[in-house]
A.B. asks: 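Quick one: the structure is below, and I'll ask about it shortly.
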Amino acid sequence: MATYEWQPLQRNYDLESQRKSLVTEAALSHPLQSITVTDVKADKRGTQAKKKAEDVKKSSSFIDPLSSLGPLASSFEGSDPLSKIASQGIDQAPRGTRTKSEDGLDETFEPWSAKKAGILTKYTTSEKLSITTSFLSSADKEKMVIKSHASTTVTDKVRNRLEQLDDFEEGSVQEMLNLSQQDYVKRIEELNQQLITAWENDQRVKALKIVIQSAKLLSDVSVIQFYPSKFVLVTDILDTFGRLVYDRLKEKAVYIPAGSGVARSLPDNFTPDMVSEGAKETCRNWFFKIASIRELIPRFYVEVAILKCYSFLNVGEYNDALQRLADMIRGIGDPLVAIYARCYLSRVGILVAPQTKDHLMPCFDDFLTTYSQVHSDTVQNTLAVQKMEMPRYLTLFSPALDWLLQCLANKSSEKTLMEVLQKSKKHCNSALLLNSIISAFKPEFVAVRAVQFTDMIKECEDTGFPKHYLYRTLGLCLVMADPPEDQQLTVLNEVWKTVMKLKNPADYIGCSEIWIEYVVKHFGKKEVNKILADIIKHMTPDRAFEDFYPQLQSVVTKILAHIHDFSVLFSIDKFLPFIDMFQKESVKVEVCKNIMEVFVKHQVEPTNDPVIINATMFVCKTMHDSVNALTLDDERKMISNLIAGFIRNISFGRDFERQLSFYVECRSSFSNLDQVLVQLIQNVNDLSMETRRVVKGNHSRKTGNFVRACAAYCFITIPSIQSSVAQLQLYLLSGQCALLNQCYSQKIPKTLQVDGKTRSTEPILVEHIYNFLSTLLIVPDNPDAGVLYLLRGLLNILQNYLWETQTDYKVLVYTRVLALLSAMSQDSYLYHADRVDSNDSMYGSDPKFLNELKSMCSTLVEEVLSYLKTLAQSELYKRQSLVSLELFQTIVCHGDIREPSLFSLATKLWGLAQKHGELDTKIMVRCLNGVKSKAAASTIREYTELASKLSLESRT
Amino acid sequence: MATLDIKLKKANKVYREGELVKGAICVDAGKSEIAHQGITLVMEGSVNLQLSAKSVGLFEAFYSSLKPLQLINYSLDIAKPGKLPSGRTEIPFEIPLKAKGNKELYETYHGVFVNIQYSLKVDMKRPLLAKDLQKTCEFIVEYSDKDKAEKAKPKPVQFTISPETLTNVKEKQNVPKFKVKGKLESAVLCITKPLKGELMVEQCDTQIKSIEIQLVRVETCGCAEGYAKDATEIQNIQIADGDVCRGISIPIFMIFPRLFTCPTLSTNNFKVDFEINIVIVFQDNHLVTENFPIKLTRF
């Protein structure tokens, strides 16, 4: 095999770059202005896009394409599913509220569905419940049969058989006892299902029976603390029933529009005169049937359930019906049952006729009048039997009362509030009522009368309804709406006086959790500090804080939500002690994360406030220390991000030394987190570049030392990073940085060792090596280590490195090294690091040096060629062609083809590349054109010759 | 399988004297044509009286049931013997509603001892080996307004119930102290309007379990041996459940059930009257009842 002598092409970089630079031309039209084209497209796409596009047309001729409102964004509108969804979301939100307000509801009106879940979770019981129904599931019937077999006496048997007969007939009413709450809920669910099945099977009577029996459950107060939940469950059945009846009637009530003979189903906003006589009759029958239900409570509930059906009969029926039903509730003796009945009435009322309100005030009046029933013997007996205290009993009223007042307050004026207040003051100044009033009415109403309310809370009779609930509710209101300025302090003083005296930590924290937001919102750090101190004082005895982490956390969150200035925040003396109360690791970390999130978000300008630094450092350390081997990746990432954010936000301005020492401190504190270390190294590099900029490249001894310290910092830190890819990149970066700062003594050797270790994905490595090679160009040789010590070292490592056999990266790297060597043999290099003498000036094109380079080149060329030979297998032809083309290009660009051996090598390679026809002809053509243009531009006539010699083999 | 049905034009099936009862007879012959030996339609209306065992004795009640009073009896041939095609056939008809002879049409009423019923009956005679088909359909008769019927006029009734007003109590000291005041809006009521009123428990020493409104019919049948008068409950509506609040007015509200009530009726042979009972049930299941006769009218 012939050896090929490499002869680098001598190049004049200045000349080349001059030639390459294009002629500049003034730009007259903006490339993005061709919006009209987009418009045409958008027109086709659909009306929505069209409208958008028209909007764009109307707007000014050019809009910043990066802003989301720009033409690009709108032209993407139709195609990008995410933005589509987002825009829909935006579209729908206001529409939803609009329809609601058309319905006559406040925007703040909390729908029942939202309340339901809350009630179900709040009012639970471990007591045994019972259901009275004739619609048992089959499993239960079997159970009964088994029981009957067990009974021995003849009479028992006979009776049981008779009972079973009854069962088959129509299902006798039976009571199921000893149900747990889950069972109970399941049963009710079953009833609901049975109702639907019965209805679908046209068993209307059975359906009605199920509903009546369900409604009857509501008259039973035997497990009273479960009553609100029971109400929710049972009214679900009733709602289902109401819907079924209404839908069926509507389906039945086809009408024939004037002028057409075809029956049509009713529109949604039909009037009674459109309803057919048959449907009206059926509807009347329903009401007749229900009116004959013997018992009051089922009769009431079932009628309310199908209240909506009155719309088939008369227009003005709602109002009368609602008032009559409201009066009917007076007959219910049990106050709890009665208030829930009122709740259901108002609930259905607001759905079917939101404008009708005449029944609400009487409902409320009735409640006030009958409130005394709470103290009646019946109720007291029930409570005594069930061992329930008055305060808990009263809380059972809240959901219903809240709802009633919410309906009352809906779209009402301040006058209504005043009326309600006066009435409740007059009749029963009860805490329960006041609580519901505060929570039901608009916070603005309440806020304006904050002082009045505090007085009322103070005065209201303590019938057992805990007052701290009141303060809590009031707090919630005042947080939402600001009381007048002159009242703010008075209110706080009044409230806090009482809150401070709360003995039970749970009650106390419940209140203060709410009120802290009020304080933070309206007062300065002095007050906040005071409150925090007070909370600490209350929470510390018996380590009470351990039970209230969530509340304490929410206190912190609320403070953070309003105080964004961290110098203020940390100057609150009690803040850090407060944080110290979180003694459970996970909670503490959670809180720390919170703090840091806010810090990262709101600390816009870098700071050097020692207080902030110290405190945040402490917080960060806590987070950092929580990371261990078991920490999830996401968690680790999040913490790293937060800490990195903190580091970025600390700046000492021109005091670089302090900055560096801060980084040193950080390194020692956060040594476990790769990402933080990376951030630190980046920052230090940044710092040294900053230094360079400040001294304008002329390092004095002092700055030189400092920069060297920075470099040292980097090179010491890098090895402790776990990710080798990150390590490599940082090495290179730090190396380049150090080089720019003229401190070459410290650096790159280490890089070499790292290379060997890498087993990461090769493309990254190859990229890295390319980058590294171009850096090597300007790295001067170490006089002690011989010519091109670094490059040789690198080549050795590459040689020994286990490349993946599927790829040709090794050879590709070699071709790049060839290019580098060619560049190195130029008289003057393409680029220099400022104030660093590269090899060109060091050796001054010493022939010895050049020869050294040449011999290295030749070796490399041989390497590549021998590698090419190994690829001479049919399945590897494609790779062979690629590599040979690569080498060919390198020769053409960097080699001197005037050298005959190189010339012939080039032609051979070209032939080899084409030999198997594995390459895209287009690539070859492009390549050939490249050579031709080079020939045209250059004075070297061999290019022309070469070009003529290269032939394109048309592909078969 | 062939089916026979009567469809009335009016959905609520309510007719007044002099009106035309319009409708159609629907025959669904199934897949094949159907042969018949004539279809007849009969309109019937009668008052059925029965004596209660309680008032006249079991034996007599069984045997001497009074002869039903025919108010109306028409018969007409709808179709001559022949064949009906397969599928559905509708044969329309109309019959004027008019009393027989000099009789009077009473309102439909379903009671225990007195029943006033009107019906249409269609009969399809069929040849051998096929069952005759028959279908009956009840329709409802109401007084027409040109009748001399009495109009309801407000006649309020105030009442007070207390131990003193009770009449059949022997030991007054056992009765708890209580006082219930109230009023009925009227004792003469239109049958289509609800019974309204209110009552208020002013005072009651013992707990109340329930307050109910009972609607009672009083049916009187006259016959050769004399007459029988019986009161039975039609419906019972609870208006208060549990120990109600004292001093609050509780609404009395009851809708008169259709068919089971009719305007108060008095004829030579029988009488139908209605009464209202207000029943107060105490915790110990003792109850106090106050009776109010009422008069129902159509208008």
Side-chain angles (χ1 to χ4, degrees), chain A residues 216 218-221 252-253 275-285 287-300 303 320-321 323-338 341 365-382, chain B residues 7-14 139-140 180 182 191-201 204-215 233-261 278-283:
Chain A
K216 223 184 254 182
L218 287 176
S219 55
D220 172 28
V221 286
K252 221 181 150 171
V275 180
S276 65
E277 200 49 49
K280 272 186 183 169
E281 192 58 27
T282 321
C283 182
R284 260 181 231 124
N285 273 336
F287 284 110
F288 271 116
K289 183 86 198 157
I290 287 161
S292 66
I293 296 173
R294 205 192 83 85
E295 278 157 294
L296 173 68
I297 290 170
R299 182 155 30 94
F300 168 79
E303 181 168 359
D320 299 344
Q323 284 190 35
R324 178 169 53 74
L325 288 163
D327 284 348
M328 203 161 142
I329 299 173
R330 292 185 197 161
I332 299 176
D334 190 294
L336 189 65
V337 179
D365 291 342
D366 286 348
F367 167 73
L368 291 179
T369 330
T370 54
Y371 182 73
S372 55
Q373 286 284 93
V374 168
H375 304 287
S376 73
D377 295 345
T378 335
V379 172
Q380 294 301 336
N381 288 344
T382 326
Chain B
K7 274 194 172 168
L8 289 175
K9 263 247 172 77
K10 272 189 163 179
N12 58 4
K13 298 179 183 175
V14 175
F139 65 94
I140 295 156
V180 175
I191 197 166
T192 52
K193 301 265 159 49
L195 165 79
K196 280 188 189 167
E198 58 179 33
L199 62 78
M200 185 193 282
V201 182
C204 181
D205 283 355
T206 172
Q207 287 177 23
I208 293 172
K209 199 177 181 185
S210 173
I211 301 177
E212 285 153 24
I213 306 287
Q214 200 178 28
L215 177 64
E233 175 188 307
I234 302 175
Q235 72 173 8
N236 197 354
I237 294 286
Q238 188 186 32
I239 58 162
D241 178 57
D243 197 16
V244 288
C245 188
R246 311 290 186 258
I248 192 167
S249 84
I250 296 163
I252 294 172
F253 184 89
M254 180 167 73
I255 294 176
F256 294 110
R258 296 191 285 194
L259 300 179
F260 303 109
T261 50
I278 291 178
V279 185
I280 302 166
V281 188
F282 295 114
Q283 196 58 50

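In the text below, chain A, chain B and the rest are named by the order of the sequence lines, each starting its count at 1.
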A.B. asks: Select one option (side chain, backbone, both, neither) describing which atoms of A:Glu295 are under 4.5 Å from chain B's heavy atoms.
C.D. replies: both
A.B. asks: Tell me, side chain or backbone of B:Glu212 under 4.5 Å from chain A's heavy atoms, or both, or neither?
C.D. replies: side chain
A.B. asks: Quick one: of A:Ile297, A:Asn285, A:Val337, A:Asp334, who has the most non-hydrogen atom pairs under 4.5 Å with chain B?
C.D. replies: A:Asn285
A.B. asks: Between A:Ser376, A:Gly331, A:Ser292, which has the largest tally of heavy atom pairs under 4.5 Å with chain B?
C.D. replies: A:Gly331
A.B. asks: When heavy-atom pairs shorter than 4.5 Å are enumerated against chain A, which of B:Ile208, B:Asp241, B:Ile250, B:Asp243 gives the highest number?
C.D. replies: B:Asp241
A.B. asks: Any side-chain heavy atom of B:Gln235 within less than 4.5 Å of one from B:Pro257?
C.D. replies: yes
A.B. asks: So what's closer than 4.5 Å to chain A heavy atoms on B:Ser210: side chain, backbone, both or neither?
C.D. replies: neither
A.B. asks: Let's test your reading of the structure: which of A:Arg324, A:Arg294, A:Met328, A:Arg284 forms the most heavy-atom pairs below 4.5 Å with chain B?
C.D. replies: A:Arg294
A.B. asks: Are side-chain heavy atoms of B:Ile239 and B:Phe253 found at a separation under 4.5 Å?
C.D. replies: no
A.B. asks: Can you check whether A:Cys283 reaches A:Val275 side chain to side chain, under 4.5 Å on heavy atoms?
C.D. replies: no
A.B. asks: Taking the side chain as every heavy atom from C-beta outward, state whether B:Arg258 and B:Asn12 have any atom pair closer than 4.5 Å.
C.D. replies: no
A.B. asks: Report yes if some heavy atom in the side chain of B:Leu195 is under 4.5 Å from a heavy atom in the side chain of B:Leu215; otherwise report no.
C.D. replies: no
A.B. asks: Say whether B:Ser249 and A:Arg330, considering side chains only, have a donor N or O and an acceptor N or O under 3.5 Å apart.
C.D. replies: yes
A.B. asks: B:Ile211, B:Ile248, B:Ile252: which one forms the most heavy-atom pairs within less than 4.5 Å of chain A?
C.D. replies: B:Ile248
A.B. asks: Is any side-chain heavy atom of B:Gln238 closer than 4.5 Å to a side-chain heavy atom of A:Arg299?
C.D. replies: yes
A.B. asks: Taking side chain as everything from C-beta outward and backbone as N, CA, C, O, which of these in A:Ile329 sits under 4.5 Å from a heavy atom of chain B? Side chain, backbone, both or neither.
C.D. replies: neither
